[in-house]
Peer 1: 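Mind looking over this structure? Questions follow.
Just follow the structure's listing: the first ligand is 1, and inside any ligand the first atom is 1.
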Amino acid sequence: MTNSGFKLVILDRDGVINEDSDAFVKSVDEWIPIPGSIEAIAELSRAGFTVVVATNQSGLSRGLFDLDDLEAMHAKLAQLVEEHGGSMAAVFYCPHGPDDQCNCRKPKPGLIDAIEAEFDTSAEGVPLVGDSLRDLEAGLTKGCLPILVRTGKGALTEQKLKQFPVDGLVDVKVFDSLWDALPFIKDVYGQAC
Ligand SMILES: O=P(O)(O)OC[C@@H](O)[C@H]1O[C@@H](OP(=O)(O)O)[C@@H](O)[C@@H](O)[C@@H]1O
């Protein structure tokens with residue numbers, strides 16, 4: 001069930017909103033929107049969605065970039081969305097590394113817990129868009145509706161899921177990009193696109 005009219009959507013960042021890199025996205029200049037992603041976010045927010053990001057940013061703990069760099073990336077995201085007539089509600093990030101045993105690094109649910117607390121809502125049934133298995137698994141843990149996109153690492157994730165099916169993701173919705181997923185996302189809360 002959704003939360004009495006509150007339309008929330010949770011997006012992974014690297015590989016869903018912006019181009020990803022195996023060398024990490026380390027600066028605002030390296031932060032390059034995937035075609036259609038900014039437009040999709042703007043259209044969702046105009047359709048009444050609260051758009052939030054849940055992203056692992058282990059590059060912070062690895063010393064690859066600092067908080068100023070990260071905030072510059074997210075200021076660029078917010079500005080681009082505003083220039084397209086929409087708004088970004090918030091970015092929730094995990095700054096930790098793989099060995100830090102935190103609860104916020106996806107696939108752990110801590111980022112989604114924080115989103116629930118911030119907006120005093122439940123993530124049950126909330127569309128969550130990712131390109132990595134860990135994105136989708138974090139969503140499954142919290143009862144989100146997982147959506148896979150083929151951008152970033154998504155095509156590889158899709159192949160992995162075909163080879164090694166994961167409970168709860170056998171029939172996961174797959175789209176070429178966030179833009180292509182837009183009509184499905186808009187319809188999750190019963191709003192015709
Ligand atoms: O997809 P989101 O969560 O928005 O962000 C992922 C990034 O933080 C980076 O996560 C790293 O994983 P490790 O943190 O090294 O396991 C690598 O996959 C990088 O290629 C990637 O850019």
Peer 1: Among side-chain atoms of Glu83 and Gln79, is any donor-acceptor pair under 3.5 angstrom?
Peer 2: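 Yes, a side-chain donor-acceptor pair sits under 3.5 Å.
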Peer 1: I'd like to know if Lys142 pairs up with Asp113 as an ion pair, taking the criterion as any Lys NZ or Arg NE/NH1/NH2 lying under 4.0 Å from an Asp or Glu carboxylate oxygen.
Peer 2: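 Judged by the 4.0 Å cut-off on N to carboxylate O distance, Lys142 and Asp113 do form a salt bridge.
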Peer 1: Could you give the N/O to N/O pairs under 3.5 Å linking ligand 1 and the protein, each with its distance?
Peer 2:
| from | atom 1 | to | atom 2 | distance (Å) |
| --- | --- | --- | --- | --- |
| ligand 1 | 1 (O) | Asp12 | OD1 | 2.7 |
| ligand 1 | 1 (O) | Asp12 | OD2 | 3.2 |
| ligand 1 | 1 (O) | Asp14 | O | 3.2 |
| ligand 1 | 3 (O) | Asp12 | OD1 | 3.0 |
| ligand 1 | 3 (O) | Asn56 | N | 2.8 |
| ligand 1 | 3 (O) | Lys106 | NZ | 2.8 |
| ligand 1 | 4 (O) | Asp12 | OD1 | 2.8 |
| ligand 1 | 4 (O) | Arg13 | N | 3.2 |
| ligand 1 | 4 (O) | Asp14 | N | 2.9 |
| ligand 1 | 4 (O) | Thr55 | OG1 | 2.5 |
| ligand 1 | 5 (O) | Asp14 | OD2 | 3.1 |
| ligand 1 | 5 (O) | Asn56 | O | 3.0 |
| ligand 1 | 8 (O) | Asn56 | O | 2.4 |
| ligand 1 | 10 (O) | Arg134 | NH2 | 3.1 |
| ligand 1 | 12 (O) | Arg134 | NH2 | 3.2 |
| ligand 1 | 14 (O) | Ser58 | OG | 2.6 |
| ligand 1 | 14 (O) | Arg105 | NH1 | 2.9 |
| ligand 1 | 14 (O) | Arg105 | NH2 | 3.4 |
| ligand 1 | 15 (O) | Arg62 | NH2 | 2.7 |
| ligand 1 | 16 (O) | Arg105 | NH2 | 2.5 |
| ligand 1 | 16 (O) | Arg134 | NH1 | 3.0 |
| ligand 1 | 18 (O) | Lys153 | NZ | 3.3 |
| ligand 1 | 20 (O) | Ser21 | O | 2.8 |
| ligand 1 | 20 (O) | Lys153 | NZ | 3.0 |
| ligand 1 | 22 (O) | Asp20 | OD1 | 2.6 |
| ligand 1 | 22 (O) | Ser21 | O | 3.4 |

Peer 1: Please list, one pair per line, the donor and acceptor atoms closer than 3.5 Å that link side chains of residues 100-108 to other protein atoms, with sequence neighbours excluded.
Peer 2:
| from | atom 1 | to | atom 2 | distance (Å) |
| --- | --- | --- | --- | --- |
| Asp100 | OD2 | Gly97 | N | 2.6 |
| Lys106 | NZ | Asp12 | OD1 | 2.7 |
| Lys106 | NZ | Ala54 | O | 2.8 |
| Lys106 | NZ | Asp135 | OD1 | 2.9 |
| Lys108 | NZ | Cys102 | O | 3.2 |

Peer 1: Scan side-chain atoms only and decide if Asn18 and Glu30 contain a donor-acceptor pair under the 3.5 Å cut-off.
Peer 2: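 No, no side-chain donor-acceptor contact under 3.5 Å.
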Peer 1: Can you confirm if the aromatic rings of Phe24 and Phe65 lie within a centre distance of less than 6.0 Å?
Peer 2: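 Aromatic pair excluded; centres sit 6.0 Å or further apart.
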Peer 1: Using the rule that two of Ile, Leu, Val, Met, Phe, Trp, Tyr join whenever any of their side-chain heavy atoms come within less than 4.5 Å, decide whether Val9 and Leu145 are in one cluster.
Peer 2: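 In one cluster with Val9: Leu145, yes.
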